[in-house]
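Please read all numbers here as calculations on a predicted model, not as lab measurements.
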Amino acid sequence: MEIRLENLTKVFTTKRKGQVSNVVAVNNMNIEIPSGTLVGLLGPSGCGKSTTLYMLSGLQKPTEGKIFFGEEDVTSVAPEKRGIGLVFQNYALYPHMTVLQNILFPLQNMKVEKEEALARAKEAARLVQIDELLDRKPSELSGGQQQRVAIARAIANKPKILIADEPTGNLDSKTELEVMSLLKRCVKDFNQTLVMITHNEDIAKMADRVVVMKDGNLK
């Protein structure tokens, strides 16, 4: 699915010692991301990458501008209704649940019929090559395996858009290349659009397109 940002702006207002100041985190961003593209947001800390991702996912509302998924204006749509899959740097797995239960959890929250949810979860696990680990707990997995669980959970409902926050940030160099290859395959196989944050230029080069940000602006 195509993503289009129009004049997207985020301003944070802070008050300190009676003084009010505005910080422009994202400044009038205009960008079109074609469907089926893997895009890497690259830049130093504080450049506006995370804020852009939070607005895409609906976790933060823009101060100005609009966000379109295809032809739909999702600027004010709640995160759970945007039809996206989220992958986090810290995996965000439930430690008391098995791999299968972690993958099933969002499907259950969406009231997907039990047999269909189970089929989707097992298919997602097979695609990311963790189908032999379904009965294990996160503490029994390596970092790469935990990230595969997080990816399986994100793709189980076959979203058209994936949003990933430093998906390889906690992994060693060999494993991060494996995870990136996996993400690229998901994009290709499901014709998904993936927007991810990274500080790693080598990882960013594996994307179809790199968007470099600095001080809230596109470079």
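- Contact check for N102 versus P138: side-chain heavy atoms found under the 4.5 Å cut-off.
- Taking the side chain to side chain donor-acceptor pair (under 3.5 Å) definition, one finds that N109 meets it with nothing, sequence neighbours left out.
- The side-chain hydrogen bond (donor to acceptor under 3.5 Å, both in side chains) pairs that include a residue from residues 149-163 are R120-N157, where partners are two or more places apart or lie in different chains.
- Here I103 contributes atom CD1 and M97 contributes atom CE; the two are 12.0 Å apart, rounded to the nearest 0.5 Å.
- Dense packing is recorded around CZ of F69, with more than 12 heavy atoms of other residues, nucleotides or ligands lying under 6.0 Å away.
- Between the side chains of S21 and T14, a donor-acceptor pair is found at a separation under 3.5 Å.
- Think of V212 as one node in a network of Ile, Leu, Val, Met, Phe, Trp and Tyr side chains linked at under 4.5 Å; its network also takes in L42, V210.
- Inspection of the N22 and T13 side chains reveals an N or O donor paired with an N or O acceptor under 3.5 Å.
- Note that the CG atom of N30 and the CG atom of N28 stand 5.5 Å from one another [nearest 0.5 Å].
- Closest heavy-atom contact between T51 and A25: OG1-CB, 3.9 Å.
- The distance from the OG1 atom of T168 to the CD1 atom of I203 is 4.5 Å, given to the nearest 0.5 Å.
- Remark: K66 engages F68, D73, T75 in a side chain to side chain contact (heavy atoms under 4.5 Å, CB included) (not counting sequence neighbours).
- Rounding to the nearest 0.5 angstrom, the gap separating the CG atom in N200 from the CE atom in M206 is 10.0 Å.
- For F88, the ring-ring contact (aromatic ring centres under 6.0 Å, His included) test picks out no residue, with sequence neighbours left out.
- Here V20 sits alone; no ILVMFWY side chain lies under 4.5 Å from its own, so it joins no hydrophobic cluster.
- Between E116 and K114 there is no salt bridge, since no side-chain N of the basic residue sits under 4.0 Å from a carboxylate O of the acidic one.
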